[in-house]
Amino acid sequence: MIHQTLKPFPKDFLWGASTSAYQVEGASLEDGKGPSFQDTKKLPPGTADLTVSVDHYHRYKEDIALMAEMGFKAYRFSISWSRVLPDGIGKVNPKGIEFYNNLIDECLKYGIEPIITMFHFDMPAALEEKGSWSNASSSEWFKEFARVLFENYGDRVKYWLTINEQNMMTLVGPLIGTLRVPEATTNLTKEIYQQNHHQLVAQAKAMQLCHEMLPKAKIGPAPNIALAYPNSNRPEDIIAEQNANAIRNWLYLDMAVYGRYNNLVWAYLEAKDATPTFAPGDAEVLKVAKPDFIAFNYYTSFTVEASDGSEQIADKFADQQSAMSEPGYYRSVQNQNLKKTEFGWEIDPVGFRATMRALYDRYQLPLLVTENGIGAYDELTADGKVHDPYRIVYLREHIVQIKEAISDGVEMLGYNPWSAIDLISTHEGIKKRYGFIYVDRDEFDLKTLKRYRKDSFYWYKKVIATNGENLSD
Ligand code: BGP
């Protein structure tokens, strides 16, 4: 569909950007915070630890002022569960509550809407010891954490996200260090999908509680959605594409929206003797709970062909956006039409439009983009500048596709790319930068931690000021 003219962005469109607690805050054991999985996990070799990250905990006022200078209408950040509840359950940490009160108030002072992720890869270590998401009680732990958040922040926060990238934790979590599985696991697929089931129930309980306690608030899931393409028009490749979309994308949203397991995924789990066990009450809460919108992270699309089952487990995973095959169901292949980032992720702006169209078609709920962006080796020049034209190009090309999607009739709430400020990557350290704001630190040398405005900072400021009408340099 070629539109003669594109529709404008809605006037209350939520322009902003994202971060997550463990990747920006630092102060990992300060002011009563308990350790989380991120503080106890084995770090990928050669990458920064998370004790300081980019020191947002101490510098949030300066950081929010910079976001306000860019004209942000929203800031998406996550709350560290173990900062608020050091043991994950039970005793509340007043200093932790205070930190997020201050952060929220600082946003509101500038008219920035806080969008809160309740869980972003950082299970409290105390709950890790109790089996983390393997424990059937985990959905109740999460519900009680949700209650603390709604009680303390519900008077000011309208937008809530349940679990960040649950699908990526399930598909690559143990590999990139966002999820742990017990060592004694014999059927890995079963173990991981049981954890996934507990997360789905946890999410449903949180959505239900949110609607009970905060009738005016909105809540939704935040998976990483990359539409799968078939590599050819071979009918077998179409079957592979359907398998890939079901396993990678639809499972999570079909449950959140319709309260049912996707039938292709259920059949896949049956074949692997890995169907999850339902506790009493699970089916009911999964059926009843509903999201108000769908938040999603998009970095690229995903191309597959038929699999003969011969793929080696070794090439099964690379990371969240690169090779990911499921022997017998689909084989991941490179898309020859697409260029790649310096870190090997394919770049597909048109796939962004296709993904928005598919999501809206399937679920008919408004969409909120909670991540999108390019990881790169940015360089600070001697005169304190960061020239990142590749980031401007990447973001511009994706924003154009949101306009296309809006013109296609897709309801869009906002755009919050990754990331507001440089932060520590999930598994590739600080050298892989995403921010509009540069932070002066290296992998192991904290340097000054001073903030610098990148070229993309000034560009995004203009984009927001014109509500997405002026995307030029
Ligand atoms: C998503 C995560 C983020 C973030 C981003 C970039 O998967 O939700 O936490 O880090 O991707 O990924 P990476 O840091 O691996 O480049």
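Values reported hereafter were calculated over all heavy atoms of this structure, with side chains retained and with hydrogens, waters and symmetry mates removed. Everything numeric here is computed off the predicted structure, so don't read it as measured data. As the structure lists them, so they are numbered: ligands from 1, and atoms in each ligand from 1.
Here M168 has no heavy atoms under 4.0 Å from ligand 1, in either its backbone or its side chain. If you look at E371 next to ligand 1, the close heavy atoms, those under 4.0 Å, all belong to the side chain.
Applying the ring-ring contact (aromatic ring centres under 6.0 Å, His included) criterion to F150, with sequence neighbours excluded, gives W160.
Using 4.0 Å as the threshold, E165 has a heavy atom nearer than that to some atom of ligand 1. Heavy-atom separations between H427 and ligand 1 include at least one value shorter than 4.0 Å.
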- request: Any chance you could lay out the ring pair (Phe, Tyr, Trp, His ring centres under 6.0 Å) test for F99 and Y60, step after step, and finish with the verdict?
  value: CA-CA 10 Å; F99 171 67; Y60 70 92; 5.5 Å; yes
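The only option from Y252, W250, Y363 that meets the ring-ring contact (aromatic ring centres under 6.0 Å, His included) definition with Y258 turns out to be Y363.
In the candidate list Y299, F121, F343, Y434, Y299 is nearest to atom 5 (C) of ligand 1, counting heavy atoms. Taking only non-hydrogen atoms, the option from N167, T117, N224, T426 nearest to atom 14 (O) of ligand 1 is T426. Closest heavy-atom approach to atom 4 (C) of ligand 1 within the set W345, Y22, W418: this belongs to W418.
Residue S425 has at least one heavy-atom neighbour below 4.0 Å for each of these atoms of ligand 1: 13 (P), 14 (O), 15 (O), 16 (O).
In this structure, Y298 and N224 have side chains that are not in contact, with every pair of non-hydrogen atoms separated by 4.5 Å or more.
Using modelled atom types, one finds a donor on one side chain and an acceptor on the other under 3.5 Å when comparing S139 with K205.
With a 6.0 Å cutoff to the six-membered ring centre and a 45° limit on the axis angle, K432 counts as a cation-pi contact of F343.
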